[in-house]
Amino acid sequence: MRSSSTPRYPLVLVPGLLGFISLLGYPYWYGIVSALRRLGATVFPVLVSSVHSTEVRGEQLLLRIADVLAQTGAEKVHLIGHSQGALTARYAAALKPEWVASVTSVAGPNQGSELADFLARKAPHGSLRERVLSALLRAVARCMAWLERGYQGEPLPIDVAAAQQSLTCAGVAAFNALYPQGLPETWGGEGAAEVNGVRYYSWSGTLQPGGTNKGGNRFDGPNIACRLFARTFTREAGQCDGMVGRYSSHLGTVIDDQYPLDHFDIINQTFGLVGKGAEPVKLFVEHAQRLAAQGL
Ligand code: CA
């Protein structure tokens with residue numbers, strides 16, 4: 001029998017750009033799926049195109065949700081998306097709200113990423129720099145598809161330009177005009193807690209010198225990358241996780257936007273190496289309990 005701390009509906013975890021389920025056994029949601037399963041939750045880490053537009057990824061996600069509903073007999077799912085996975089989840093919930101109990105954005109660029117804007121400025125469409133970066137990203141994506149062990153479906157398409165367009169502030173603004181569910185009406189505010197029967201939540205972190213760059217992160221390359229990327233931010237300078245700004249991440253009920261976690265720490269990467277005293281896995285477990293407490 002389901003305990004009161006176990007969510008009623010399956011949890012579908014949606015990865016971000018260059019997302020995966022399991023690379024030769026190494027999970028994207030490091031220690032998170034197992035922690036949620038220990039709670040008794042039914043959990044499906046899913047794969048969509050690792051590099052593509054939010055709309056194409058969102059259509060793929062709708063197919064995955066249909067599979068989960070058929071497989072489990074559940075009426076709805078909870079969608080938890082990291083980074084571009086949050087936008088992907090928002091798209092699916094906008095099109096099929098009857099399938100979705102909640103959307104949770106974890107470090108989602110819900111108003112775009114200043115890092116994507118910086119790259120678009122530095123490597124404009126058609127430039128040599130853009131062609132080199134695109135080729136590199138395609139090669140990484142193909143290599144990851146080859147190493148993927150958690151996915152058995154058809155090969156998924158890759159489109160670097162579409163992915164980039166989907167992550168810039170202008171690209172996300174166009175997306176938001178079509179799919180505004182759960183967005184705050186004012187910069188830095190909260191969004192509606194529920195739209196079309198779907199609950200909306202978000203949480204995110206910021207780089208905090210003396211915290212996020214200590215502990216396990218002293219040995220973690222992605223943390224160094226986040227600190228470099230953070231220098232490209234102007235609107236949210238000093239208020240970002242390296243890839244997404246604090247206020248850009250807001251969606252629905254904002255659980256917190258200042259956890260001492262960089263953009264990778266927030267999914268417990270890499271190998272659980274996170275800043276001093278940070279507990280990213282606990283945030284997922286507490287959230288599952290939060291959903292369960294509402295009977296969802
Ligand atoms: Ca880390």
Side-chain angles (χ1 to χ4, degrees), residues 13-36 38 43 45 47 50-51 80-86 104-110 113-116 118-119 136-137 140-141 143-144 147-148 150 167 202-233 236-249 255-288:
L13 307 185
V14 191
L17 182 76
L18 291 179
F20 55 92
I21 297 174
S22 169
L23 296 182
L24 298 179
Y26 180 79
Y28 184 88
W29 306 91
Y30 192 84
I32 293 167
V33 173
S34 48
L36 290 169
R38 278 196 296 278
V43 190
L47 190 67
S50 63
V51 181
I80 302 181
H82 171 239
S83 198
Q84 195 187 3
T104 301
S105 163
V106 178
N110 293 307
S113 165
E114 290 190 56
L115 175 63
F118 173 82
L119 290 173
L136 194 66
L137 209 54
V140 171
C143 182
M144 287 171 65
L147 298 173
E148 176 66 56
L167 292 166
S202 56
W203 77 78
S204 61
T206 56
L207 293 177
Q208 295 170 24
T212 45
N213 57 347
K214 299 286 182 197
N217 270 346
R218 279 176 302 170
F219 311 101
D220 193 24
N223 179 259
I224 297 165
C226 282
R227 281 186 270 150
L228 282 174
F229 295 157
R231 296 187 196 169
T232 67
F233 282 64
E236 297 202 77
Q239 295 279 301
C240 74
D241 68 2
M243 298 181 93
V244 174
R246 177 184 172 193
Y247 288 160
S248 177
S249 76
I255 294 161
D256 202 326
D257 60 4
Q258 281 199 299
Y259 289 118
L261 298 166
D262 72 32
H263 196 70
F264 301 100
D265 292 345
I266 212 150
I267 50 163
N268 204 30
Q269 294 290 353
T270 317
F271 291 103
L273 293 173
V274 297
K276 201 168 138 189
E279 295 184 276
V281 177
K282 198 171 129 195
L283 302 181
F284 285 86
V285 171
E286 285 174 355
H287 190 52

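Values below: all heavy atoms of this structure, side chains included; hydrogens, waters and symmetry mates excluded. Start at 1 and go down the list; that is how both ligands and their atoms are numbered. Positions are given from 1, in the same order as the sequence printed here.
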Enquirer: Ignoring hydrogens, what is the shortest heavy-atom contact between Phe264 and Pro222? Give both atom names and the distance.
Expert: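 Taking Phe264 first and Pro222 second, the nearest heavy atoms are CD1-CB, 3.6 Å.
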
Enquirer: Answer yes or no for Asp262: is there an N/O/S atom below the 3.0 Å cut-off from the Ca ion (ligand 1)?
Expert: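 Given the 3.0 Å cut-off, Asp262 does not count as a ligand of the Ca ion (ligand 1).
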
Enquirer: Specify which N/O/S atom of Asp220 comes nearest to the Ca ion (ligand 1), by atom name.
Expert: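 Output for this pair reads OD2.
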
Enquirer: Report, rounded to 10°, the angle at the Ca ion (ligand 1) between the two atoms O (Leu273) and OD1 (Asp265).
Expert: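 An angle of 100° at the metal.
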
Enquirer: Shortest non-hydrogen contact from Pro109 to Leu167?
Expert: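 In terms of heavy atoms, the two residues are closest at CG-CD2, 4.0 Å.
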
Enquirer: Aromatic rings Phe284 and Trp203: how do their planes relate, parallel, tilted or perpendicular, breaks at 30° and 60°?
Expert: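 Phe284 vs Trp203 ring planes: perpendicular.
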
Enquirer: Has Gln269 got an N, O or S atom lying less than 3.0 Å from the Ca ion (ligand 1)?
Expert: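 Yes, since at least one N, O or S atom of Gln269 sits under 3.0 Å from the Ca ion (ligand 1).
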
Enquirer: Can you tell which of Asn213, Thr212, Asp262 makes a side chain to side chain contact (heavy atoms under 4.5 Å, CB included) with Cys226?
Expert: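 When side chain to side chain contact (heavy atoms under 4.5 Å, CB included) is applied between Cys226 and each of Asn213, Thr212, Asp262, only Asp262 qualifies.
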
Enquirer: State whether Asn217 contributes an N/O/S atom found under 3.0 Å from the Ca ion (ligand 1).
Expert: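 Coordinating: yes.
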
Enquirer: From the Ca ion (ligand 1) out to just under 3.0 Å, does an N/O/S atom of Phe264 turn up?
Expert: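 For Phe264, the answer is no, given that no N, O or S atom comes within less than 3.0 Å of the Ca ion (ligand 1).
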
Enquirer: Testing the basics here: between His82 and Tyr28, what is the closest heavy-atom pair and its distance to 0.1 Å?
Expert: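 The pair with the smallest heavy-atom distance is ND1-OH, 2.7 Å.
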
